[in-house]
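Written below as structure tokens is the structure these notes are about.
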Amino acid sequence: MYNQTVAEGKTIAIISYITIIGTVIAFVLNQNKQNYFAASHIRQALGIFLTALIVNFLQRFSDFDWLDWILSLGIFVLWIIGLIGAIQGEERKVPLLGDQFQEWFRSIG
């Protein structure tokens, strides 16, 4: 049963990492199926995109180019980890903030 759930939600999970529009599309697609695997990745993707938005906002007022670069690279690494987890069919949480994303957005899915 678990493998079938992962297989059914894998496409939606991958779509959720393709820009914020993909996250919204994945959320809408998952409303009918209520797939737990897809919902988990939608929460991760939403958290990554909101974190990127906050980092981008803070970078506009920062004079520390090296810190901005490191934060942007960190967001990119989180996105890659989440996307690879979705592609491999693993319910992998992103480092540092993954548990928080699951808790903050638990109403999604």
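Along the sequence shown, residues are numbered consecutively beginning with 1.
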statement: Smallest heavy-atom separation, Ala13 atom then His41 atom, equals CB-CB, 3.7 Å

- request: Any chance you could measure Leu50, atom CG, to Leu46, atom CG, to the nearest 0.5 Å?
  value: 4.5 Å

Under 3.5 Å: donor-acceptor pair, side chain of Gln44, backbone of Phe101: no

task: Sequence neighbours left out, what passes side chain to side chain contact (heavy atoms under 4.5 Å, CB included) with Ile54? Give chain and number order.
output: Leu58

- prompt: Would you say the side-chain atoms of Lys10 pair up with the backbone N or O of Ile87, donor to acceptor, closer than 3.5 Å?
  reply: yes

query: Mind checking what makes salt bridge (charged side-chain N to carboxylate O under 4.0 Å, His left out) contact with Asp99, not counting sequence neighbours?
result: Lys93

message: Testing Ile20, Thr23, Val94 one by one against Ile48 for a side-chain contact (heavy atoms from CB on, under 4.5 Å), which residue passes?
response: Val94

task: Could you point out which residue of Asn30, Ile15, Ile12 forms a side-chain contact (heavy atoms from CB on, under 4.5 Å) with Ile25?
output: Ile15

query: Considering all heavy atoms of both residues, which atom of Phe105 and which atom of Arg43 are nearest to each other, and what is their separation?
result: O-CD, 2.8 Å

field: Under 3.5 Å donor-acceptor, Ser72 side chain and Asp68 backbone
entry: yes

Nearest-0.5 Å distance that lies between atom CZ in Phe49 and atom OG1 in Thr19: 6.0 Å

- prompt: Looking only at heavy atoms, what is the nearest atom pair of Phe37 and Gly85, with distance?
  reply: CZ-O, 4.4 Å

message: Strictly distance-based, threshold 3.5 Å: is any side-chain N or O of Arg60 a donor or acceptor partner for the main-chain N or O of Phe57?
response: no

Distance, nearest 0.5 Å, that separates OG1 of Thr51 from CD of Gln100: 10.5 Å

task: Tell me whether Tyr17 is reachable from Trp104 by hopping between hydrophobic residues (I, L, V, M, F, W, Y) whose side-chain heavy atoms are closer than 4.5 Å.
output: yes

query: Is Asn35 reaching over with its side chain to a backbone N or O of Val6, donor-acceptor style, under 3.5 angstrom?
result: no

- prompt: Do other residues, nucleotides or ligands put more than 12 heavy atoms under 6.0 Å from the CD1 atom of Ile21?
  reply: no

field: Value rounded to 0.5 Å, distance of CD1 in Ile70 from CD1 in Ile75
entry: 13.0 Å

Transitive ILVMFWY side-chain link Ile84 to Trp79, under 4.5 Å: yes

query: If two hydrophobic side chains count as joined below 4.5 Å and joins carry through other members, does Ile18 share a cluster with Leu29?
result: no

